[in-house]
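Right, one structure below, let's go through it.
Just so it is clear, the values below take in all heavy atoms, side chains as well, and ignore hydrogens, waters and symmetry mates. Quick caveat, the model's predicted, so the values are computed rather than measured.
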Amino acid sequence: MRIRFQKPGPSSLSLLYDEFQLPKAIRRSLNLILLANLFGNLHGIVCGGGTTAMVGLANELHAGDLAFGFINGIPQAAALLQIPFSMLVNRTHRRKRYMLTIGLFSRALWILFGLIPLIVPADPAWLPLWTLVFLLGLSACCGSVINVCWLPWFSDLAPSRLRGRWFSFRDMLVAGFNLAFGLLVAWMLDALPVYNRYIIVFALGGFLGMLDMLCFGLCKEQYSDAPRRLHFRAVLKSIRKNKPFCRLVVMWTAWCFASNLTAPYLGRYSINEMGLSFLQMTVFGTAAAAVSTILVMSRWGKALNRYGCRSVMLVSAGAASLTDAFYLLSAPGSIWPVLLRNFFGAACWSGCNLSANSMQLSASPDEARPSYIAVFACITSLAGVAVGTLCGGALLEAWENTGMFPAGPDRLQVLVILGAVLRLLVTFLLVPPLKNDRDGTPGQLLSDLLASLKRFRFRKRLSR
């Protein structure tokens, strides 16, 4: 018997590039950006305010709810620097230089985080915690240049009709790697000695973040317009006249505020109050979210091209508003709230994020896109994520100090209810229409989703 080996066919990404007849240099650069995004997401599993590694380190440094909210809010407040960075990028057209200097320094700082309990004196008690805050603030300020460089860089390389499917392919790929890497990080956090675990984990996270920046050093640098000096007042005047963009900023800011009232504290609640281990949090949190994203991401990409950004946003955001409610069923040792919230939540969040990215690019003009993206990120990060996180921490700490909710739902569960109501109001009142959007309606999208679910069940019965 002779065994024949067939040459593997082209990947779905290659077919996508073929459809748009992209030259070899552009394909190579888009693939490098894909690799950079992969390294960046793996970096984010370790390095960030709400990660399991940061929750563990914050617990080691005895951070309270408000202090933990402050740790989560600092990177968002640093988004203010995206505005001057965007002006600099527009004037100089040196994205690659900034990514390989300021961005690389921002990511390299994370290697120091794990050393804080080892080298910073524990007396006075506030010194290690404020050392963490200082390093986090410095890294976040330098990292503000990354967002205003990479997303406009990508949009200058990729045709507009390609972006939705490229993002969906990227998110599916990233989800698979997040699953494997998240399990590795959780195992290290549970198995390694207390002080060594943070040194190794944060060094690994910082190294992956540096690889993210280095990938951009090999990309083709391309601009859709000539270098020009933009004045901040002129940019703001242009943005004020762009009503679809302004409505998008208001909607996404309100959505981020409502979401971050509770989201940063759910992981900490699961570890401290429900008693779950780092590995359990990863398996039933990161892993469940990764599997869900892989299953649904391609469907959201197709739905975006067929029904438009607004329909996808309405359906996905409406469903995502309810996913935190699984924590109303929380109990010590129970993994079901974490599993259900992350599995169904990721299925919805992926649609929200995909449509938000596409709406942001569609509503911003090519000639001033870095500045538009910077203003968008600045407002949504500061007034949405940072303020929402701090308000959530302040409410939790105030309710604990005053002894509110002694019976029935605990203080986090009350906050979950408040956040769900606010997100539903934002979804149904503030999602804006776009002039260049598709004609599909949310009702048609829901009907097709239900029909595909019925077909899946029918096929499952036939397979039995």
Side-chain angles (χ1 to χ4, degrees), residues 39-78 81 99-146 181-214 264-265 267-268 271-272 277-279 281-282 286 386 389-390 393 397:
F39 287 135
N41 275 271
L42 296 181
H43 161 83
I45 289 178
V46 175
C47 306
T51 66
T52 53
M54 185 60 83
V55 169
L57 184 58
N59 286 342
E60 288 293 323
L61 302 180
H62 310 292
D65 287 323
L66 186 57
F68 188 70
F70 193 60
I71 290 171
N72 278 268
I74 286 175
Q76 313 306 324
L81 290 176
M99 295 286 266
L100 294 179
T101 52
I102 305 172
L104 192 63
F105 176 72
S106 166
R107 296 297 175 81
L109 281 174
W110 281 94
I111 296 174
L112 303 177
F113 278 63
L115 298 172
I116 291 175
L118 187 63
I119 64 176
V120 178
D123 187 22
W126 53 264
L127 184 58
L129 182 60
W130 283 100
T131 302
L132 172 68
V133 169
F134 171 76
L135 287 176
L136 184 61
L138 183 59
S139 174
C141 288
C142 295
S144 297
V145 76
I146 297 172
F181 185 67
L183 292 174
L184 174 63
V185 170
W187 174 82
M188 289 191 291
L189 289 171
D190 279 330
L192 296 175
V194 174
Y195 291 116
N196 289 343
R197 71 175 64 158
Y198 298 113
I199 295 173
I200 295 172
V201 166
F202 280 104
L204 179 59
F207 176 70
L208 288 168
M210 293 169 68
L211 290 179
D212 176 8
M213 298 296 98
L214 292 174
Y265 304 96
R268 198 178 194 208
I271 293 172
N272 295 346
S277 68
F278 290 117
L279 185 59
M281 276 300 299
T282 300
T286 305
T389 301
L390 290 173
E397 200 157 289

Step-by-step side-chain contact (heavy atoms from CB on, under 4.5 Å) determination, L127 to T131:
CA-CA 6 Å; L127 184 58; T131 302; 4.1 Å; yes
Do [X] and [Y] touch side chain to side chain, with heavy atoms closer than 4.5 Å?
X    : Y    : result
L211 : L42  : no
S277 : I271 : no
M281 : V55  : no
N59  : R268 : yes

Residues two or more places apart in sequence or in another chain: which of them pass side-chain contact (heavy atoms from CB on, under 4.5 Å) with L189?
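Result, side-chain contact (heavy atoms from CB on, under 4.5 Å) vs L189: T52, A53, V185, R197, Y198, V201, F278.
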Could you tell me the separation between the [atom1] atom of [X] and the [atom2] atom of [Y], rounded to the nearest 0.5 Å?
X    : Y    : atom1 : atom2 : result
I116 : W130 : CD1   : CH2   : 13.0 Å
L214 : L100 : CG    : CG    : 6.5 Å
M54  : L61  : CE    : CG    : 9.0 Å
I45  : L183 : CD1   : CG    : 9.5 Å

Is there a side-chain contact (heavy atoms from CB on, under 4.5 Å) between W110 and V46 once you walk through the steps?
CA-CA 9 Å; W110 281 94; V46 175; over 6 Å; no
Quick check: closest heavy atoms across [X] and [Y], and the distance to 0.1 Å?
X    : Y    : answer
C142 : I102 : O-CG2, 3.3 Å
G206 : I111 : CA-CG1, 4.1 Å
L279 : D190 : N-OD2, 2.7 Å
V145 : G103 : CG1-N, 4.0 Å
L208 : F39  : O-CB, 3.5 Å
G114 : I199 : O-CG1, 3.4 Å

Look only at the side chain of H43 and the backbone of G205, and say whether a donor-acceptor pair between them is shorter than 3.5 Å.
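Confirmed, H43 side chain pairs with G205 backbone.
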Is a side-chain donor or acceptor of S106 paired with a backbone partner of S139 at a separation under 3.5 angstrom?
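Side chain of S106 to backbone of S139, a donor-acceptor pair under 3.5 Å: yes, one is there.
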Before giving the answer on side-chain contact (heavy atoms from CB on, under 4.5 Å), spell out for F202 and L112 the whole-Å C-alpha distance, their side-chain angles and the decisive distance to 0.1 Å.
CA-CA 7 Å; F202 280 104; L112 303 177; over 6 Å; no
Summary of salt bridge (Lys or Arg N to Asp or Glu O under 4.0 Å) pairs that have at least one residue in residues 198-213, sequence neighbours excluded
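Found R107-D212.
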Kindly indicate, with the supporting measurements, whether the criterion side-chain contact (heavy atoms from CB on, under 4.5 Å) is fulfilled by L204 and M188.
CA-CA 11 Å; L204 179 59; M188 289 191 291; 3.9 Å; yes
